[in-house]
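Here is the structure we will look at, set down as structure tokens.
First the proteins, then the strands, lettered A, B, ... as listed; each starts at 1.
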Amino acid sequence: MDAELNSPQADAVAHIRGPLLVFAGAGSGKTRVITFRIANLVARERVPPYRILAVTFTNKAAGEMRHRLEGILGAEIARDLWVGTFHATCAKLLRRYGDAVGLEKNIIIYDGADQKAVVTRVLRELDLDEKRFAPRAMLAAIHKEKQEGRGPDEMSLDDYSAEMVKKVYARYEEHLRAANAVDFEDLILRVVKLLEDDTRIEGETIRRRFEFVLVDEFQDTNAVQYRMLRALARDHHNLCVVGDDDQSIYRWRGADVRNIRGFKKDFPETLVVKLEQNYRSTGHIVKAALGVIAPSKEREPKELWTANEDGLPVEMIATKDERDEAAHVVAVIDETRKKGIDPRQIAVFYRIHAQSRVLEEALRAVNMPYQIVGGTKFYERAEIKDALSYLRLAVNPKSDVDLLRVVNVPARGIGATTLDRLTTLATLENMSVWQSLGHLDKAGDIAAAARKRLVAFADMMRDIQAAARTAPATEVLAMILDKSGYRTALEAENTAESDARLENLAELAGSIGDYEAEASAAGEPATLEGFLERVSLQADTDAGDQGGKITLMTVHGAKGLEFDTVLLTGMEEEMFPYRGFDPGGEEEMEEERRLAYVAITRARRRLVMTHTETRQIFGTTRWGRPSRFFGDLPAATMKQGATRAASAGARVAYVDRSSGGGGYGSAYGSRGGGGGGREPWRHPQAPAARTEAFDAPPRPARPAVDPGERFVDREFFADDGGSDDVGSAGGLRRGAKVVHSRFGEGEVRRVEAAAEPMVVAFFPGWGEKKILARFLKIAS
DNA sequence: TGCCACGCCCTTTTT
DNA sequence: GGGCGTGGCA
């Protein structure tokens with residue numbers, strides 16, 4: 001804590017009123033400026049905590065900030081502060097003042113998938129070719145308009161396709177309004193509307209409420225978000241924004257660095273502070289980061305420096321494929337943990353979520369606890385989305401997206417044709433699909449049998465809706481699963497997969513329970529609406545930081561965080577910088593560069609970057625050259641290496657001192673079969689003859705594996721004639737006694753390392769069952 | 001009319 | 001690797 005109190009920057013601005021613009025280089029104590037300022041306002045300036053609003057972009061960052069504030073101010077006071085993401089803050093405000101902008105209480109927040117479903121429906125209604133107008137692209141275009149604060153009528157219509165976007169946009173909005181639903185942009189837009197509407201009292205109420213507003217990662221605000229901030233601070237100008245244009249990584253989400261310039265114009269009396277000293281990282285890491293960001297164009301001039309010692313060189317490790325990479329990651333983590341580093345101080349980054357699976361497998365195979373941040377995985381599972389749709393319908397029957405999702409899940413004989421006719425009726429009569437269920441007489445084309453089924457569904461939902469008004473959310477969920485026949489259908493399936501789905505639904509019930517407990521601890525009423533809002537606004541399922549776990553996340557998710565040791569994986573061209581199907585212009589490349597800068601600057605002491613020769617992703621194999629960003633790292637800060645598998649496979653010119661030298665020679669291309677030998681990556685700043693300066697390939701703690709192989713305890717499974725895909729999972733071994741929640745005690749027969757390790761176990765009275773390993777406990 | 005299986009296509013980052 | 005759409009079959 002002393003370090004924070006003594007921080008000169010934090011001290012200098014902590015008590016200042018009026019607009020404050022802080023350019024904070026990575027690791028210069030950006031968040032510290034905010035937390036210290038808040039602490040100072042509360043402790044010294046006697047500002048009531050509930051009059052302070054601190055806004056972040058991610059839940060993770062908000063959680064981190066709140067955590068720090070709890071440490072400084074104590075949990076009691078910190079609880080009254082408003083700390084949250086833009087969206088969560090707006091949702092909270094709308095819950096209180098939403099009636100003023102015509103929002104009902106049972107509002108539902110549509111996530112990306114829901115939004116896309118609406119767009120798809122609109123495209124069909126307008127009879128537009130889905131091939132020519134991809135729902136995804138349409139949605140992106142709509143969001144772009146919304147992020148700039150333009151409604152369909154305010155769009156500039158340059159060409160035919162803009163015309164189409166406008167049409168779709170308009171109907172999209174109608175659908176959301178009719179469904180009593182909002183998307184993420186709406187949350188902000190509605191609050192802006194509240195704040196800017198001087199004919200009503202609510203805007204003033206909110207403006208008065210927040211005497212001080214602080215914003216983290218200001219470079220990531222989009223036009224509408226900035227408008228909201230401006231409106232919030234209209235009367236008092238106590239707006240403190242902290243940001244770093246080098247870390248602007250949300251341009252694709254509408255973030256506009258120009259807001260920084262706008263800020264100086266809108267608040268001419270702004271005090272500008274530049275923080276250029278990095279307190280976080282070693283010299284080598286800071287220099288590496290500078291190397292990556294230096295070629296970036298249009299930067300606000302600033303020079304990051306550090307007084308810290310150089311420390312360990314940044315490691316660049318060549319690996320053979322994604323499994324080999326994962327093995328190396330595991331080895332480094334293992335080594336780091338053995339040195340006594342808290343696992344919470346270790347993080348593995350990747351560019352895209354799809355990379356996490358292999359890493360997870362490798363970590364699970366050695367029973368190393370980890371936590372995944374982001375990756376909406378859990379809430380994206382079909383059964384969870386189904387259950388949530390039922391819950392949302394229970395609260396808000398007008399939500400068409402949800403109704404259409406579950407009306408025939410489980411199968412009730414309500415097919416596409418029937419639903420087509422039903423939605424057509426709804427569209428014609430200008431009502432929600434739910435309402436149209438009450439007017440089936442107007443749809444003569446719906447067969448009597450189908451009609452009966454629809455009525456039965458409506459009756460069932462009415463019962464559930466009635467229950468939702470009084471019963472606790474956990475009971476509503478149980479009722480839904482029973483009445484809808486969802487549970488029965490899954491039980492009848494009786495496969496490993498259906499069992500897993502049932503377990504997931506149990507987990508959902510558990511998370512409702514958690515929410516109820518948390519809400520009551522915070523002195524707030526636990527409602528089904530509250531739970532649904534939380535689910536919508538919280539991409540990650542993290543149940544708080546339990547100790548002892550390392551962290552896996554995308555680079556985006558890592559922003560604003562720091563770790564002792566960072567493993568940055570997938571550093572190949574195409575992966576990082578990432579290139580999707582679009583050509584990707586220079587602007588996008590610039591953003592990738594800033595993203596790399598963000599990744600590097602998360603590390604305090606040790607940074608390991610890995611790249612692969614080949615990578616299986618999205619079902620195909622990619623060959624990747626090492627990322628161009630390696631070439632921007634100063635040679636003096638780097639240490640190159642390779643896993644055994646990589647150096648053996650490529651026959652690269654590494655000098656392996658540890659094995660007597662010259663072991664691999666430089667016989668390029670001697671690898672048999674496909675791919676061909678690849679030249680080793682050579683640092684552009686290094687003279688060609690300097691290969692001997694390369695470090696010996698580090699020996700992985702466990703032998704590198706060949707593709708198709710896993711981390712298998714060969715001896716133990718040597719006599720296993722079963723699956724060829726056998727691994728140990730979470731300490732589960734053949735013969736081990738395990739306990740399952742439903743089947744009781746059993747004995748492990750086989751372990752299968754699928755995407756998720758599965759165990760075939762024999763349960764007396766049930767027979768052999770295939771179960772996801774994580775649902776088993778070792779019997780004591 | 002509805003169900004199921006197969007095959008094709010797309011494949012980012014967050015709220 | 002998975003979601004979605006199409007086409008064949010009950």
Side-chain angles (χ1 to χ4, degrees), chain A residues 55-62 84-91 109-117 120 130-131 134-137 140 143 146-147 182-188 217 220 222 224-225 248-255 349-358 373-377 379-382 385 408 410-421 445-450 453 533-540 553-560 570 574-582 584 588 591-592 594-596 598-599 616-622 754-755:
Chain A
V55 194
T56 64
F57 277 84
T58 64
N59 290 307
K60 190 85 185 159
T85 63
F86 268 100
H87 297 90
T89 302
C90 288
I109 301 167
Y110 276 2
D111 68 12
D114 302 324
Q115 296 159 18
K116 201 173 141 216
T120 306
E130 280 171 53
K131 293 258 150 60
R136 212 187 146 73
H143 280 146
K146 290 189 98 164
Q147 282 154 1
V182 293
D183 61 18
F184 294 123
E185 267 74 45
D186 282 328
L187 289 172
I188 317 247
E217 313 282 10
D220 287 331
N222 65 32
V224 172
Q225 287 161 340
S248 163
I249 57 174
Y250 285 110
R251 223 180 51 94
W252 53 274
R253 202 168 91 178
F349 298 164
Y350 34 80
R351 176 65 180 81
I352 59 174
H353 282 301
Q355 289 167 260
S356 74
R357 213 196 79 245
V358 182
V373 175
T376 49
K377 273 188 168 168
Y379 288 110
E380 270 177 10
R381 289 168 203 265
K385 292 208 76 172
N408 197 34
R412 305 191 169 90
I414 301 171
T417 317
T418 305
L419 289 180
D420 250 12
R421 290 172 181 166
D445 51 353
I446 295 179
R453 294 179 188 129
E533 178 188 302
R534 192 167 90 151
V535 168
S536 304
L537 292 178
Q538 217 159 18
D540 44 291
M553 60 177 123
T554 64
V555 179
H556 282 86
K559 200 175 65 152
E574 311 285 296
M575 283 305 289
F576 201 174
Y578 183 82
R579 239 167 311 166
F581 48 102
D582 277 338
E588 275 168 54
E591 181 134 322
E592 294 291 318
R594 294 192 294 266
L595 197 52
V598 169
Q616 283 248 327
I617 197 147
F618 300 133
T620 53
T621 304
R622 288 188 180 194

What is the distance, rounded to the nearest whole Å, between atom [atom1] of [X] and atom [atom2] of [N]?
| X | N | atom1 | atom2 | result |
| --- | --- | --- | --- | --- |
| A:N59 | B:dT14 | CG | P | 11 Å |
| A:L595 | B:dT14 | CG | C1' | 12 Å |
| A:Q616 | C:dG2 | CD | P | 13 Å |
| A:I617 | C:dG1 | CD1 | P | 11 Å |
| A:K385 | C:dG3 | NZ | P | 11 Å |
| A:H87 | B:dT14 | NE2 | C1' | 8 Å |
| A:Y110 | B:dT15 | OH | C1' | 17 Å |
| A:R351 | B:dT12 | CZ | P | 10 Å |

Residue from A:N222, A:I188, A:V224, A:D186 passing side-chain contact (heavy atoms from CB on, under 4.5 Å) with A:K146: A:D186
Upstream residue (5' side of DNA chain B) when A:I249 and A:G413 are each assigned their closest nucleotide: A:G413
Pairwise 5' ranking along DNA chain B for A:R453 and A:A88, keeping only the more 5' one: A:R453
Tell me whether the side-chain N/O atoms of [X] come closer than 4.0 Å to OP1 or OP2 in [N].
| X | N | result |
| --- | --- | --- |
| A:R136 | B:dT12 | yes |
| A:N408 | B:dC3 | yes |
| A:R579 | B:dT12 | no |
| A:T418 | B:dG2 | yes |
| A:H556 | B:dT15 | no |
| A:T85 | B:dT14 | no |
| A:R421 | B:dT1 | yes |

By nearest atom, which of the nucleotides [options] is closest to the [X] side chain?
| X | options | result |
| --- | --- | --- |
| A:I352 | B:dT13, B:dT15, B:dT14 | B:dT13 |
| A:F184 | B:dT15, B:dT11, B:dT13 | B:dT15 |
| A:T554 | B:dT11, C:dG1, B:dT14 | B:dT14 |

Touch class at under 4.0 angstrom, heavy-atom based, for A:D111 against every strand present: nothing
Sugar-phosphate, base or nothing in reach of A:A411, heavy atoms under 4.0 Å: sugar-phosphate
Per-pair stack call A:F57 and B:dT14, 5.5 Å, 30°: no
Parallel, tilted or perpendicular: rings of A:H556 and A:Y250 (30°, 60°): tilted
A:R453 side-chain N/O to A:I414 backbone N/O, donor-acceptor pair under 3.5 Å: no
Main-chain N/O of A:S536 paired to A:D111 side chain as donor or acceptor, under 3.5 Å: no
Salt bridge present between A:E592 and A:R351 (N-O < 4.0 angstrom): yes
Non-hydrogen atoms of A:I109 and A:D114 that approach each other most closely: O-OD2, 4.2 Å
